[in-house]
Amino acid sequence: MQSVDKIITPRWIVPVEPDETVLEGYSLVVHEGRILDLLPTAEAEARYHGETHRRLAQHALIPGLVNAHTHSPMTLLRGLADDLPLMDWLQNHIWPAEGRFVGEAFVHDGTLLAAAEMLRGGTTCFNDMYFFPETTAQVSGQVGIRAAIGLIVIDFPSAWASQASEYIEKGLDIFDRHKGESLLSFCFAPHAPYTVADEPLKRLATLSAELDIPVHMHVHETAHELEESKARFGVRPLERLARLGLSGPNLMAVHMTQLESGEIAHLAGAGTHVVHCPESNLKLASGFCPVQALVEAGVNVALGTDGTASNNDLDMFGEMRTAALLAKGVSGNAAALPAHTALRMATLNGARALGLADEIGSLTPGKSADMVAVNLGELESQPVYDPVSHLVYAVGRHQVSDTWVAGRPLLRDRQLTTIDDTQLRQRISSWQTRIAEAD
Ligand SMILES: CSC[C@H]1O[C@@H](n2cnc3c(O)ncnc32)[C@H](O)[C@@H]1O
Ligand SMILES: [Zn+2]
């Protein structure tokens, strides 16, 4: 008998890789933060002795969800400005509020709230883009959640930096000081083609290639962005990025609601990743990302919530469902984006886009034990013919019972283990008072 840290025996295991697999009567063995084995329960019990053995008779065990695009501190602005199109929302509401309130304390408390919400909803890894990224890194470390930290660049001055060159220098400094931390990874995060000039974008293309750091950027979010780009630069944003050396396999292009067939072929050929944010795109009426056409062309499509001021939650179960339903509506094809594909987008595809597919994204021996148990025993989930169908089309995030990152339980029976709920509520309530008074 081999002694191991943990054995988990759920009713179903959905490893995501191999595709379309649902295992029943299997156990997953965790040792030193990694998945050591995935095998029939009788064999697991004969071969391993777990320091703990968790039996989850009504649950599906899935890989931790990867939120491939968010602005975590924006939880503090949830519901502040609704029912507006992107540029009105940003220029007249969000950027003024950020100008007034964003600082280290805002980012600290907003990230903590986001981490609590994400863990309670089964998200174990988030790809962030926001001011004061080192604070996001610190909070993530304290909580134990996995984070891809956006080294942001924007041509506007903010409380974090005054110009593009300073954003880049500060970002590189953060990267140098934190690059060895096992739960952190980094992306350059130029905000959008319409807010970052050619020179900093060229520099980022060079740095991204030299340091092998992905580039995370809002691209082709609205029709307005395309019109403005043609007027200012004579080309569509994707073409401009390609000329600046940015449209290769390191690019995570977020939104992509405006795409011509030649551009889809270009993305596929270049190995560029697309991050689909269906709920934010719907709420801001930004347009529809042609997900099915991208998938058919071979583009890796991941899923993100965007920030909570344009969604207004960090619910990756909701995002999977919206993505699956919307793809059918947009393509006129009920077979578009089936449940297994939606789950893959929310897990392994996000990991691939972040360059983390060897580490997370599927329940594969050798990978980090980032996992989620979802209770399918509730009345609202009966009967269960196909657990993956339920995960995408029927369950709510409140059915997540347990969330582990690198084998560490961060949510146990719906209780957060590293975040003090009462203290967090007090902090958020004081932000609510301050922000509402200024509104
Ligand atoms: C430079 S930090 C990130 C910056 O992005 C803003 N933002 C949030 N959501 C969106 C979106 O959908 N499109 C463009 N910009 C967005 C956020 O408020 C921060 O200022
Ligand atoms: Zn965004």
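Ligands are counted one by one from 1 in listed order, and the atoms in each one are counted from 1 as well. Along the sequence shown, residues are numbered consecutively beginning with 1.
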Nearest option to atom 2 (S) of ligand 1, as decided by whichever heavy atom of F132, W160, Y130 sits closest: Y130
Are D128 and H71 close enough that a side-chain donor and a side-chain acceptor fall under 3.5 Å? no
Whether the H276 and H69 side chains hold a donor-acceptor pair (N or O, under 3.5 Å, no angle test) is what I'd like checked. no
Which ligand 1 atoms, with their elements, are less than 4.0 angstrom from a heavy-atom of I94? 18 (O)
Regarding R146 and S368, do their side chains bring together a donor and an acceptor under 3.5 Å, going by distance alone? yes
Applying salt bridge (Lys or Arg N to Asp or Glu O under 4.0 Å) between R236 and each of E225, E228, E227, E260, report the one that passes. E260
What pair of heavy atoms forms the shortest contact from T111 to S72, and how long is it? OG1-OG, 3.6 Å
Residue and atom name of the nearest protein heavy atom (relative to atom 9 (N) of ligand 1), distance in Å to one decimal: H71 NE2, 3.3 Å
Answer yes or no: does an N/O atom from E98 fall short of 3.5 Å to an N/O atom of ligand 1? yes
Would you kindly check if the NZ (Lys) or CZ (Arg) of R240 is within the cone defined by 45 degrees around the ring axis of F233 and under 6.0 Å from the six-membered ring centre? yes
Only heavy atoms of H255, strictly under 4.0 Å: list the atoms of ligand 1 that pass. 12 (O)
Going by distance alone, is a donor N or O of one side chain under 3.5 Å from an acceptor N or O of the other, for T135 and Y130? no
Of all N, O or S atoms in H69, identify the one at the shortest distance from the Zn ion (ligand 2). NE2
Any N/O/S atom of H255 sitting less than 2.8 Å from the Zn ion (ligand 2), backbone or side chain? no
Pick from L314, L65, N311, N67: which one makes a side-chain contact (heavy atoms from CB on, under 4.5 Å) with E319? N311
Which of the atoms of ligand 1 are close to D306, meaning less than 4.0 Å from one of its heavy atoms? 9 (N), 11 (C), 12 (O)
What atoms of ligand 1 come within less than 4.0 Å of a heavy atom belonging to W95? 20 (O)
Work out which heavy atom in F317 is nearest to a heavy atom in G121; give both atom names and the distance. CE1-O, 3.3 Å
From the N, O or S atoms in D306, identify the one nearest to the Zn ion (ligand 2). OD1
For atom 15 (N) of ligand 1, what's the nearest protein heavy atom and its distance? H191 NE2, 2.8 Å
Any atoms of ligand 1 less than 4.0 Å from a non-hydrogen atom of L86? List them with their elements. 11 (C), 12 (O), 13 (N)
Heavy-atom nearest neighbour in the protein, as seen from atom 13 (N) of ligand 1, with distance rounded to 0.1 Å: E221 OE1, 2.7 Å
Under a plain distance cut-off of 3.5 Å, with no hydrogens placed, do S381 and Q399 share a side-chain donor-acceptor pair? yes
Given that the side chain starts at C-beta and the backbone is N, CA, C, O, which of these parts of Y167 lies under 4.0 Å from ligand 1, counting heavy atoms, or is it both or neither? neither
Any Y194 heavy atom less than 4.0 Å from ligand 1: yes
